[in-house]
Amino acid sequence: MIHIQWLELKPFDGGVLTQPPATLEMPVGSTVAQALKAIGLSDSQIAALLNQRAVAVYGLYATENTVLHTGDRLEILDDLKFDPMESRRRRAQHKVVTKRQKELAKYERRSRKQGKTAPKS
């Protein structure tokens, strides 16, 4: 028999572990699908989780045939609220815009300073 830990992150947890992982005893050679079944999930719930890539072993996405070993931590993840790639694009675009704004402000300060020190005729 092997002992694994499992945990489920809920949407209201904010991605933070609020409870210690539960321990599950499984036969040697058990797969992720078998462990999810032992936890009490139905076949349709298991299929939905695996299709959404919402199951991981120590943070690495797992398939239904991933074999578990003693000490593994099976993680049932919550749904993503946003696309990570889209979020990265937005941050990169914001960084570019902010950099341009800073350069423009620096140019304007320099222009104003030069305007004040110019000799009067």
Inset, instruction - Report the distance from atom NE2 of H69 to atom CE of M26, rounding to the nearest 0.5 Å. - result: 13.0 Å
Inset, instruction - Go through L60 and T66 one step at a time and tell me if the side-chain contact (heavy atoms from CB on, under 4.5 Å) criterion holds. - result: CA-CA 11 Å; L60 299 175; T66 301; over 6 Å; no
Legend entry - Distance in Å, D72 CG paired with I4 CD1, rounded so as to fall on 0.5 Å steps: 7.0 Å
Inset, instruction - Kindly indicate whether the side chain of K37, heavy atoms from C-beta on, has any atom under 4.5 Å from the side chain of D43. - result: yes
Legend entry - CG on L50 to CG on L36, rounded to 0.5 Å: 6.5 Å
Legend entry - Interatomic distance, E64 atom CD to Q34 atom CD [nearest 0.5 angstrom]: 10.0 Å
Inset, instruction - Give the intermediate values and the outcome of side-chain contact (heavy atoms from CB on, under 4.5 Å) for residues L74 and I39. - result: CA-CA 11 Å; L74 182 64; I39 290 169; 4.1 Å; yes
Legend entry - Hphob cluster co-occupancy, V67 + M1, side-chain heavy atoms under 4.5 angstrom: no
Inset, instruction - Taking the side chain as every heavy atom from C-beta outward, state whether L68 and V32 have any pair of such atoms under 4.5 Å apart. - result: yes
Legend entry - Interatomic distance, S30 atom OG to E25 atom CD [nearest 0.5 angstrom]: 10.5 Å
Inset, instruction - Search all heavy atoms of Q45 against all heavy atoms of G40 and return the closest pair with its distance. - result: OE1-O, 4.4 Å
Inset, instruction - Flag the pair E86 and R89 as a salt bridge only when some basic side-chain nitrogen lies within less than 4.0 angstrom of an acidic carboxylate oxygen. - result: yes
Inset, instruction - Identify the heavy atoms of G59 and E75 that sit nearest to each other, and give their distance. - result: N-OE1, 3.0 Å
Legend entry - CD1 on I46 to CG on N51, rounded to 0.5 Å: 12.0 Å
Inset, instruction - Compare all side-chain heavy atoms of T98 with those of K102 and state whether any distance is below 4.5 angstrom. - result: yes
Inset, instruction - Identify whether Y58 and I76 are in the same connected component of the hydrophobic contact network (ILVMFWY, side-chain heavy atoms under 4.5 Å). - result: yes
